[in-house]
Amino acid sequence: VQLQASGGGLVQAGDSLRLSCILSGDSLGSYAVAWFRQRPGKDREAVAAITWYGGSTYVADSVKGRFDISRDSAKNTAYLQMNNLKPDDTAVYYCAANRFRGPLRASTVGSVTSGSWGQGTLVTVSS
């Protein structure tokens with residue numbers, strides 16, 4: 001599967017932004033799609049994930065209540081809605097997808113990293 005991420009940009013603290021990840025090349029029914037981010041000087045972290053079939057979601061505690069993940073099956077697109085952005089959210093955001101079974105949790109979402117990745121999209125949040 002191929003992924004193409006977009007939607008990053010420069011915003012101010014408190015603003016909202018929606019990232020998109022268009023997927024192609026395979027039937028997505030058995031996939032999970034995840035958003036990861038790489039903040040300056042910090043390890044890559046999983047932000048949110050969703051199973052394509054059923055739409056079960058995982059959202060990291062660090063962004064819960066501000067970020068939300070969804071998918072539009074008709075458009076083969078996954079979204080990361082980011083609200084009330086903070087300067088600490090500044091990062092390169094990546095989407096990834098992999099075949100996945102089982103519940104989405106902090107302990108299982110990492111398996112998505114073994115799949116396909118899109119290019120990153122930079123989100124910069126100014127104070």
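Residue numbers start at 1 and run along the sequence shown. Predicted model only: the values in this text are computed from it and were never measured.
In this structure, the side chain of Ser116 does not engage the main chain of Asn98 through any donor-acceptor pair within 3.5 Å. Formation of a donor-acceptor pair under 3.5 Å by the Gln119 side chain with backbone atoms of Ala5 is found in this model. Thr121 contributes a side-chain N or O that, together with a main-chain N or O of Gly8, makes up a donor-acceptor pair within less than 3.5 Å.
Scanning for salt bridge (charged side-chain N to carboxylate O under 4.0 Å, His left out) contacts around Asp61 gives Lys64, with sequence neighbours left out. By the ring pair (Phe, Tyr, Trp, His ring centres under 6.0 Å) test, Phe36 pairs with Trp117, sequence neighbours left out. Evaluation of the side chain to side chain donor-acceptor pair (under 3.5 Å) rule for Thr113 yields no partner, not counting sequence neighbours. Partners of Arg18 by side chain to side chain donor-acceptor pair (under 3.5 Å), not counting sequence neighbours: none found. By the side chain to side chain donor-acceptor pair (under 3.5 Å) test, Ser16 is found to be paired with Asn83, residues two or more places apart in sequence or in another chain being considered.
In this structure, the side chains of Lys42 and Asp88 come closer than 4.5 Å at one or more pairs of heavy atoms. Side-chain contact between Lys86 and Arg66: present, with at least one pair of heavy atoms (C-beta onward) separated by less than 4.5 Å. Contact of the Tyr53 side chain with the Ser30 side chain is not registered, since no non-hydrogen atoms from C-beta on lie closer than 4.5 Å. In this structure, the side chains of Arg37 and Ser62 come closer than 4.5 Å at one or more pairs of heavy atoms.
The shortest heavy-atom contact between Thr77 and Ser20 is CG2-CB, 4.1 Å. Here the shortest heavy-atom pairing between Arg39 and Thr90 reads CG-O, 3.3 Å. The minimum heavy-atom distance between Ser127 and Ala13, with the atom names listed, is CA-CB, 4.3 Å. Residues Val109 and Ala34 share a closest heavy-atom pair of CG2-CB, 4.2 Å.
Other residues sharing a hydrophobic cluster with Trp35 under the 4.5 Å side-chain heavy-atom criterion for ILVMFWY residues are Val1, Leu3, Val11, Leu17, Leu19, Leu23, Leu28, Tyr31, Val33, Val47, Ile50, Trp52, Val59, Val63, Phe67, Ile69, Leu80, Met82, Leu85, Tyr93, Val123, Val125.
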Steps toward side-chain contact (heavy atoms from CB on, under 4.5 Å) verdict (Cys21, Tyr79): CA-CA 6 Å; Cys21 179; Tyr79 302 99; over 6 Å; no

side-chain contact (heavy atoms from CB on, under 4.5 Å) between Thr51 and Leu104, intermediate numbers included: CA-CA 8 Å; Thr51 58; Leu104 276 172; 3.7 Å; yes

